[in-house]
Amino acid sequence: MFRRIICTGMLCLLTLCGCSAVSNPEDLAASVREAYVNASDIEIVTDIISNLDEEAMTYQIGYAYHNQDGNASAEMTLLAPESIAGIKAHITGEDFIFSYEDTELETAMPDRKGLTPSDVTTYLLDTLMTGVPKQVWMEEDLLVLRYENEEETGTVVRDIQLQPDTYALTCAQIYSNGEQIMVCNVVSCVLQP
């Protein structure tokens, strides 16, 4: 009787948490990596909340990734806030060229690569294409992959949530040295094979 009560309690606890282990995390992570590596086009619109400074800032970014015969490039367009909307970045490898209308803008990319709104999407896609997650699990109806890296600025953790059937990106939380510095809520994500 006591054993049944304990088992029922544990089952209720797992159900309430909404988390469950996946049976083949390495295969699942490899399938996600393959889907992103083999995509010829990826289009993403993301609402980004950045907590890098003393106040949170919100941005909306459109991102179009193209990979033709191994030649990858991307274009990022700042959609909001309205005061800086329209700024674009053309991305090839780690080179970012920012422009507004027909004018190229001078910028200095930050030392914290992948930890700013201007380059977070590029580094999230790179993580999905090349990274090996430390953990893989299901949370509610989403597949979650946790990537952890030691970088110059300390420990960076990226929790990336995907649709389990299409592997479309839905959300990412980014932590630096245990503090959440960014949340990326994906409005839309389409992978074209």
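What you see below is based on every heavy atom in this structure, not just the backbone, and it leaves out hydrogens, waters and symmetry mates. Along the sequence shown, residues are numbered consecutively beginning with 1.
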Pairing donors with acceptors under 3.5 angstrom, does anything connect the side chains of [X] and [Y]?
{"X": "T155", "Y": "Y175", "value": "no"}
{"X": "T116", "Y": "D119", "value": "yes"}
{"X": "W137", "Y": "E139", "value": "yes"}

Nearest heavy-atom pair of [X] and [Y]: which atoms, and what distance?
{"X": "L191", "Y": "C189", "answer": "CD1-SG, 3.7 Å"}
{"X": "N185", "Y": "C171", "answer": "OD1-SG, 3.4 Å"}
{"X": "S176", "Y": "I181", "answer": "CB-CD1, 4.0 Å"}
{"X": "P133", "Y": "Y147", "answer": "N-CE2, 3.5 Å"}
{"X": "R158", "Y": "T127", "answer": "CD-OG1, 3.8 Å"}
{"X": "A72", "Y": "T92", "answer": "O-CG2, 4.1 Å"}

Between [X] and [Y], is there a shared hydrophobic cluster once you connect ILVMFWY residues whose side-chain heavy atoms come closer than 4.5 Å?
{"X": "M57", "Y": "V120", "answer": "yes"}
{"X": "V132", "Y": "V136", "answer": "no"}
{"X": "I48", "Y": "I87", "answer": "yes"}
{"X": "L115", "Y": "F96", "answer": "yes"}
{"X": "Y63", "Y": "F98", "answer": "yes"}

Is the closest side-chain heavy-atom distance between [X] and [Y] below 4.5 Å?
{"X": "V32", "Y": "L143", "value": "yes"}
{"X": "Q180", "Y": "I174", "value": "no"}
{"X": "Q161", "Y": "Q173", "value": "yes"}
{"X": "T122", "Y": "M76", "value": "no"}
{"X": "P117", "Y": "M182", "value": "yes"}
{"X": "Y65", "Y": "I91", "value": "no"}

Output the distance between atom [atom1] ([X]) and atom [atom2] ([Y]), rounded to the nearest 0.5 Å.
{"X": "L145", "Y": "L162", "atom1": "CG", "atom2": "CG", "result": "5.5 Å"}
{"X": "K134", "Y": "N149", "atom1": "NZ", "atom2": "CG", "result": "8.0 Å"}
{"X": "R33", "Y": "L28", "atom1": "CZ", "atom2": "CG", "result": "10.5 Å"}

(request) Please check if atom CD in E82 has more than 12 non-hydrogen atoms from other residues, nucleotides or ligands closer than 6.0 Å. (result)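 No, the 6.0 Å shell around CD holds no more than 12 heavy atoms from other groups.
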(request) Inspect the surroundings of CD in E179 and state if more than 12 heavy atoms from other residues, nucleotides or ligands are less than 6.0 Å away. (result) no
Pair up each side-chain donor or acceptor in residues 36-44 with any protein partner under 3.5 Å, not counting sequence neighbours, and list the distances.
unit_1: Y36; atom_1: OH; unit_2: Y167; atom_2: O; d: 2.6
unit_1: Y36; atom_1: OH; unit_2: L169; atom_2: N; d: 3.3
unit_1: N38; atom_1: ND2; unit_2: E34; atom_2: O; d: 3.2
unit_1: S40; atom_1: OG; unit_2: Q192; atom_2: O; d: 3.3
unit_1: S40; atom_1: OG; unit_2: P193; atom_2: O; d: 3.0
unit_1: D41; atom_1: OD1; unit_2: H66; atom_2: ND1; d: 2.6

(message) Checking Q163 now: which residues fulfil side chain to side chain contact (heavy atoms under 4.5 Å, CB included) with it, not counting sequence neighbours?
(response)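 Side chain to side chain contact (heavy atoms under 4.5 Å, CB included) check on Q163 returns L142, D165, T166, A168, T170.
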(request) Hydrophobic side-chain clustering at under 4.5 Å (ILVMFWY, transitive links): who's grouped with L79? Put none if nobody. (result) V45, V187
